[in-house]
Q: 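I have a structure I would like to understand better, so I am pasting it below and will then ask my questions one at a time.
Quick note: numbers below take in every heavy atom, side chains included, and nothing from hydrogens, waters or symmetry partners. The chain is numbered in sequence order, starting from 1.
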Amino acid sequence: MQKGKWITGGARVRLAETFAQEYGEGRSIRAIAEAHGRSYGFVHRVLTEGGVRLRTRGGDVRTGTARSAP
């Protein structure tokens, strides 16, 4: 998918599902953005439009990559 190209309708819904699946598997928004050639802001917006509950800052606690509190 070309960077800067408008993505609407069914293509945006499919992309949102792909992003949501990857995010649910523990990938970061930045990693998803880089893998798909999109910006962080675009991926964040598509995830929130799709109703995905975003993780808090500090990493994915399920994989043990979260920072420990001081």
Side-chain angles (χ1 to χ4, degrees):
M1 202 164 297
Q2 282 182 293
K3 187 172 184 175
K5 182 179 179 190
W6 285 80
I7 301 170
T8 59
R12 193 172 182 101
V13 170
R14 286 188 298 278
L15 189 61
E17 291 169 353
T18 300
F19 288 175
Q21 180 180 357
E22 291 180 23
Y23 189 75
E25 292 170 354
R27 292 185 78 184
S28 69
I29 294 175
R30 291 195 191 285
I32 296 168
E34 186 175 326
H36 291 272
R38 305 304 296 191
S39 70
Y40 175 95
F42 176 80
V43 174
H44 186 279
R45 186 170 40 258
V46 169
L47 286 172
T48 55
E49 286 173 2
V52 174
R53 185 167 182 241
L54 302 180
R55 296 185 293 269
T56 59
R57 292 180 61 173
D60 185 0
V61 295
R62 294 173 299 160
T63 61
T65 61
R67 290 182 237 141
S68 59

Q: Ala31: which residues meet the side chain to side chain contact (heavy atoms under 4.5 Å, CB included) condition with it, sequence neighbours left out?
A: Arg27, Ser28
Q: Say you draw a straight line from OG1 of Thr8 to CG of Leu15; how long is it, rounded to the nearest 0.5 Å?
A: 11.5 Å
Q: Between Ala20 and Val52, which heavy-atom pair has the shortest distance, and what is it?
A: CB-CG2, 3.6 Å
Q: One pair to check against side chain to side chain contact (heavy atoms under 4.5 Å, CB included): Leu47 and Phe42. What are the steps and the verdict?
A: CA-CA 9 Å; Leu47 286 172; Phe42 176 80; over 6 Å; no
Q: Residues two or more places apart in sequence or in another chain: which of them pass side-chain hydrogen bond (donor to acceptor under 3.5 Å, both in side chains) with Glu17?
A: none
Q: Arg12: what forms a salt bridge (charged side-chain N to carboxylate O under 4.0 Å, His left out) with it, not counting sequence neighbours?
A: Glu49
Q: Below 4.5 Å, heavy atoms only, C-beta onward: do His36 and Phe19 meet side chain to side chain?
A: yes
Q: Are the side chains of Tyr23 and Thr18 in touch, meaning some heavy atoms are under 4.5 Å apart?
A: no
Q: Between Ile7 and Arg38, is there a side-chain heavy-atom distance shorter than 4.5 Å?
A: yes
